[in-house]
Asker: 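Structure in structure tokens, see below.
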Number of protein chains: 2
Amino acid sequence: MSSDLTEPGTGPTGAAPTLSEVAKRAGVSSITVSRVVRMPDLVAPETRARVERAMRDLGYVPNLVAGALASARTNSVGVLVPTIANSIFADTVQGLSDKLEPLGFSVILAQSRYDAVREDRVLAALLSRRPEAIIMVGSPATEEGSRLLRNARIPIVETWDLPANPIDAVAGFDNYKAGVAVAKHLVAQGRKQLAFIGGDDPRGTRRWFGFRDEALASGLSEPRRLILDRKDSGSVAAHARLPDVDAVFAANDAHAIGFMSGLRKAGLLRDGPASAQPVAVIGLGDLEMGQLISPTLSTISVHGDAIGRTAATLTLERGGERRIDLGFELVLRDSG
Amino acid sequence: MSSDLTEPGTGPTGAAPTLSEVAKRAGVSSITVSRVVRMPDLVAPETRARVERAMRDLGYVPNLVAGALASARTNSVGVLVPTIANSIFADTVQGLSDKLEPLGFSVILAQSRYDAVREDRVLAALLSRRPEAIIMVGSPATEEGSRLLRNARIPIVETWDLPANPIDAVAGFDNYKAGVAVAKHLVAQGRKQLAFIGGDDPRGTRRWFGFRDEALASGLSEPRRLILDRKDSGSVAAHARLPDVDAVFAANDAHAIGFMSGLRKAGLLRDGPASAQPVAVIGLGDLEMGQLISPTLSTISVHGDAIGRTAATLTLERGGERRIDLGFELVLRDSG
DNA sequence: TTGTTTGATGTTAGCGCTAACATGAGGCAA
DNA sequence: TTGCCTCATGTTAGCGCTAACATCAAACAA
């Protein structure tokens, strides 16, 4: 009777049709409809055609919530990033999403906004949806978050870093070494007064340590470290706070470009090569934008989308190497 | 017995604990545990404490999949964007996520990659998870996608545009008018040879139409239109294909900055004000970057995050205005 | 013929939770 | 005392699907 109320082809009038309504209309049992949806090869062609017809007539859309409960498989992965806007993490989300979507997995996205309390909250929220894996940028900020993830007994992939004691799998690069590489390069260029600008999140801090340690090891005085507020790409103004500096490593390209903008205002930017720059600037991330501005931006290139794709792979394969170092590359252009 | 196997505080050894395991341990019925989780005020303080103790001991994490099936509420919204990487849509996702997360909603994110077939596929996948609303950038590319959404009987919010016949709610701005505004401005500036560079997606195309119509209405010859491949920020090279042009409207800031880079190479970029530019350039999106480069970028400013927040609001409130024009603003700086 | 295999479909039970409706104890007005 | 309310908790049924195990007919080997 309720199916009588439904006009074929024009859409449902009431509640969404269920498997068993389709089954009734096709004159089969519901398990057969379920098979048509999930393992069509097991169903005889004529039966299948009848069922498909009934599904179309009713506008049937499978209910994966019910399916997930019955099968204990949600076909979803939780993804936790500090922030998605204006960030290179969007590349990572795109990469993993491109890899997972064709396999029928959905991405449940959450942001921590660099806030430990919020991180724990969204982590709990994610886990209560029973994702089959969690991919996160960085590592849990708290012991509680770490415990939650360990207890979940699902693949956990930490990215954008190479933590010493990962929960499970890792896809990232060595942020400390990136700092070292930049300092080495600047020292080789004859720079003397180094500075670091960026956030004080874990990964940025590791870059700072590498940068500082290498500078000190090379006999330079301790570099200055300017901790910028997030969104404080008023890093334009940062220059004013770093007089006498002749080389800057910015924790990301946006900060680098902002800083260069400050240099330009101060007349300290040349359109020539690195050697002509009164102040060398190196970024991190290799934003496309870095190649479009003048002078072009030297940077540590990191493949955000490869990190995402690799993380997705680690999510699906339980065996094999669980710690993948995707490396980085110092790309030298005109800014430093 | 199975709870005997679980060592309190060290995490579960087997399957995740369920409501009724917690209930047994606390000596109450499962509905009471459910109430402690969802409506703690209804439970007597001592009982509540006992239940909370049991939850902690067992490391209980509620199963929202089961809860969603039982209550017919998933507390999730589906979000469909063309792409998340390097795009201003990330702002929109951040905005809506910031609004929805505190309310207990999760975001299920999908990308269409500007591909109609993929869009329909991910739309079906989203709907089968029974989100309580769908927020998408733009409108469905196909009739089939549109039908799916209409039949879903949930709030649907189309964003970043103001479609004439929306499925349900809308949060965006008038892309045609944006094109008109830019053309008007360039005409007033005395520019004669206009050009438009950008993609041929629906919204970009509407900007083009507004731009062209206004140029023609002002007595100029038809502007040139250069359709760039996505990721073809080889818009650097675009300049070579637009000789004699004295004003360009780029469908987004990234293209604009790429084009300016091409102009610089050709010696056609000045550090002075708009009036000094041999070729005026106007972007769209108001990336932070636009203020950091030289000359600073004139652009149509659009608040991606406000679009996201508004869309989230439209998702939650069924009554009230369903068509919200968030407008845009022509921000004039030095590029044109 | 008889047993055995294969292919197609069905039956049953239950995933972990919640809505809706009891139940029962205590308080309190008349 | 009676009736009626309020508060705290419980019972029952079922959300829509799938795993696991039947069932049964046809095909086929010995």
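Proteins get letters first, then strands, A, B, ... in listed order; numbering begins at 1 in each. Quick caveat: nothing in here was measured; it's all calculated off a predicted structure.
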Asker: Measure from the side-chain heavy atoms of A/Thr32 and tell me the nearest of C/dG16, C/dG10, D/dG10.
Answerer: C/dG10
Asker: For A/Leu42 and D/dA20, give me the distance from atom CG to atom P, rounded to whole Å.
Answerer: 14 Å
Asker: Give the rounded distance in Å between these two atoms: CE of A/Met55 and P of D/dC17.
Answerer: 11 Å
Asker: Does C/dG16 have OP1 or OP2 under 4.0 Å away from a side-chain N or O of B/Ser30?
Answerer: no
Asker: Name the residue closer to the 5' end of DNA chain D, choosing between B/Glu46 and B/Leu69 according to the nucleotide with the nearest heavy atom.
Answerer: B/Glu46
Asker: OP1 or OP2 of D/dG16 less than 4.0 angstrom from a side-chain nitrogen or oxygen of A/Tyr60, does that happen here?
Answerer: no
Asker: Just how far, in rounded Å, is C1' of C/dT9 from CG of A/Asp41?
Answerer: 16 Å
Asker: Starting from C1' on D/dC17, measure out to CE on A/Met39 and report it in whole angstrom.
Answerer: 13 Å
Asker: Students often get this wrong, so: under 4.0 angstrom with heavy atoms, is A/Val28 touching a base, only sugar-phosphate, or nothing?
Answerer: sugar-phosphate
Asker: Over all strands shown, is B/Ala44 touching base, sugar-phosphate only, or nothing at heavy-atom distances under 4.0 angstrom?
Answerer: sugar-phosphate
Asker: Please evaluate the base of D/dG16 for a donor-acceptor partner in the side chain of B/Arg130 within a cut-off of under 3.5 Å?
Answerer: no
Asker: Tell me whether A/Glu144 is salt-bridged to A/Arg147, with the criterion being a basic N under 4.0 Å from an acidic carboxylate O.
Answerer: yes
Asker: Between B/Asp115 and B/Arg113, is there a side-chain N and carboxylate O pair less than 4.0 Å apart?
Answerer: no
Asker: Does B/Thr18 have a side-chain nitrogen or oxygen under 4.0 Å from the phosphate oxygens OP1 or OP2 of C/dG16?
Answerer: no
Asker: So, A/Arg38 versus A/Ser34: side-chain donor-acceptor pair below 3.5 Å or not?
Answerer: yes
Asker: Cut-off 3.5 Å, side chains only: do B/Thr83 and A/Gln94 have a donor facing an acceptor?
Answerer: yes
Asker: NZ of B/Lys24 versus P of D/dG10: gap in Å, rounded?
Answerer: 15 Å
Asker: To the nearest Å, how far apart are A/Arg35 CZ and C/dA8 P?
Answerer: 11 Å
Asker: Please state how far atom CD1 in B/Ile31 lies from atom C1' in D/dT11, giving the value in whole angstrom units.
Answerer: 10 Å
Asker: Can a side chain N or O of B/Arg38 be found less than 4.0 Å away from OP1 or OP2 on C/dA19?
Answerer: yes
Asker: For the side chain of A/Thr47, starting at C-beta, report the closest nucleotide among C/dA8, D/dT11, D/dG16.
Answerer: C/dA8
Asker: Under 4.0 Å, heavy atoms only, any strand: does A/Val43 hit a base, just the sugar-phosphate, or nothing?
Answerer: sugar-phosphate
Asker: According to a strict under-4.0 Å criterion, is B/Ser34 in side-chain N/O contact with OP1 or OP2 of C/dT18?
Answerer: yes
Asker: From the options C/dC17, D/dA19, D/dC21, select the nucleotide whose nearest atom is closest to the side chain of B/Ala70.
Answerer: C/dC17
Asker: So, B/Arg129 versus A/Ser106: side-chain donor-acceptor pair below 3.5 Å or not?
Answerer: yes
Asker: Mind calculating the distance between CZ (B/Arg73) and P (C/dA19) to the nearest angstrom?
Answerer: 10 Å
Asker: State, to 0.1 Å, how close A/Leu69 and B/Val65 come at their nearest heavy-atom pair, and which atoms those are.
Answerer: N-CG1, 3.8 Å
